[in-house]
Amino acid sequence: MRVRASLKEVEEYKPGKLVKGAIKLSSNENPLGPSPEVIKAIVRSLEGGELDLSIYPWEKNEEALVSEISTYVNASVENIVIGAGVDGVLDTLVKIFVDKGDEAIIPIPSFSLYESLVKIAGGIPRYVKRVGNFSIPVEELTATEKTQMIFLCSPNNPSGNCISEDDVRAIIESTNSMVVIDEAYVEFADTSLEELVNEYENVLVLRTFSKAFGLAGLRVGYGVLPEWLVSQYKKVSIPFTVNNIALKAAIVALRDNEHLRRSVELVRDGRQFLESNLQQLFAVYPSQANFVLLDVTPRKSSAVCDTLMENGITVRDCTSFRGANDSLIRISVGTREQNAKVVEVLMNL
Ligand SMILES: Cc1ncc(COP(=O)(O)O)c(C=O)c1O
């Protein structure tokens with residue numbers, strides 16, 4: 001039996017650690033969980049028969065979610081596609097753009113799925129190392145005629161910084177490649193780049209319900225795409241990729257502004273708390289996301305992660321990120337109590 005040669009280069013995705021009973025600050029989830037309105041709506045709709053699990057997802061529910069998203073992001077419904085998380089949308093996009101031998105530019109360290117998907121498709125990732133506080137050296141992002149995609153994660157996972165609008169415009173204008181802006185963490189940031197989709201034909205923006213909306217377990221994300229790309233997307237995407245419960249949940253989540261506001265406020269306050277306390281001990285990179293990145297030099301990240309684990313807290317050791325060194329740790333912002341515990345443990349190292 002023979003599998004595709006391109007798989008030789010692909011590594012399994014390493015999710016954040018989940019240890020029973022431990023505080024999980026390893027996957028950048030919402031410490032408040034989903035909106036209580038979402039849970040009520042799901043239970044009510046299942047019990048009342050409005051949600052029927054034996055029926056394939058309804059087109060009208062997909063349309064309802066797209067319509068709700070279009071109001072939220074202030075874009076036309078013609079520009080929006082949905083998928084099983086940003087992961088699902090990325091999977092479809094790479095299938096659309098990357099053929100064997102094509103190239104994709106990835107500033108590193110960044111979210112590892114870009115690299116895996118490109119390799120699975122038989123493409124060649126071209127890595128550009130971030131500099132200083134993990135900013136992208138824009139002059140090094142030179143696309144060739146083989147470059148099909150450029151992945152810009154903003155705020156970036158794991159560094160938490162955003163790319164400036166000027167830099168993104170310079171990149172978009174210098175190339176015919178598709179520029180993918182992954183805004184999975186944008187709700188926690190001060191700015192978004194989503195409006196650029198109205199101006200250029202070679203840029204798209206990805207968003208998710210996994211982070212600020214607390215629905216990571218349901219797998220819903222979306223893309224704001226130039227209109228010409230939407231029909232290609234619909235050809236390639238797996239049918240019914242977002243299930244009935246997830247569709248319902250995402251619609252209700254978008255209507256619960258108060259839960260979103262509380263989630264974002266909790267993260268911003270907690271981020272500030274972690275940054276101001278931990279910078280007395282380590283270098284802390286300024287973050288626009290729901291996590292902070294620490295450099296624990298001269299210690300090793302693995303040793304500090306072990307100590308946190310011994311104290312019942314899982315965080316992300318960043319050695320698995322290509323281009324990250326062995327002293328970086330990413331800690332998701334938790335509840336006030338969880339953040340205080342993190343600080344207490346690290347103070348006593
Ligand atoms: C930058 C980035 N993009 C996408 C994702 C995945 O998002 P989703 O849950 O919507 O697939 C993550 C998850 O951690 C992420 O960090």
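All heavy atoms count here, side chains included; hydrogens, waters and symmetry mates do not.
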Cation-pi check, Arg316 onto Phe291 ring (under 6.0 Å, within 45° of axis): no

Under 3.5 Å side-chain donor-acceptor pair for Gln232 and Lys235: yes

pair Leu328-Pro158: side-chain heavy atoms closer than 4.5 Å: no

Tyr222 and Phe209 aromatic ring geometry - parallel, tilted or perpendicular at 30°/60° bounds: tilted

Electrostatic pair Arg169:Glu165 at N-O distance under 4.0 angstrom: yes

From Phe321 atom CZ to Lys14 atom NZ, the distance as rounded to the nearest 0.5 Å: 10.5 Å

Spacing of CZ belonging to Arg207 relative to CD belonging to Glu183, to within rounding of 0.5 Å: 5.0 Å

Short side-chain donor-acceptor distance under 3.5 Å, Ser302 and Asp317: no

Residues Ser164 and Asp166: side-chain donor-acceptor under 3.5 angstrom: no

CG/Asn176: more than 12 non-hydrogen atoms of other groups inside 6.0 Å: no

Residue pair Arg126 / Thr144, side-chain donor-acceptor N/O under 3.5 Å: no

Shortest non-hydrogen contact between Val220 and Leu65, atoms and distance: CG1-CD2, 4.1 Å

Polar side-chain atom of Ser35 near backbone of Asp256 as donor-acceptor pair, under 3.5 Å: no

Nearest-0.5 Å distance that lies between atom CZ in Arg299 and atom CD1 in Ile329: 10.0 Å

Pair Arg255 + Glu37: basic N to acidic O under 4.0 Å: no

Spacing of NZ belonging to Lys40 relative to OG belonging to Ser45, to within rounding of 0.5 Å: 12.5 Å

Glu63/Lys60 ion pair, N-O < 4.0 Å: no

Between Asp326 and Ser301: side-chain donor-acceptor atoms closer than 3.5 Å: no

Mutual orientation of the aromatic rings belonging to Tyr114 and Phe111 [parallel < 30°, tilted 30-60°, perpendicular > 60°]: perpendicular

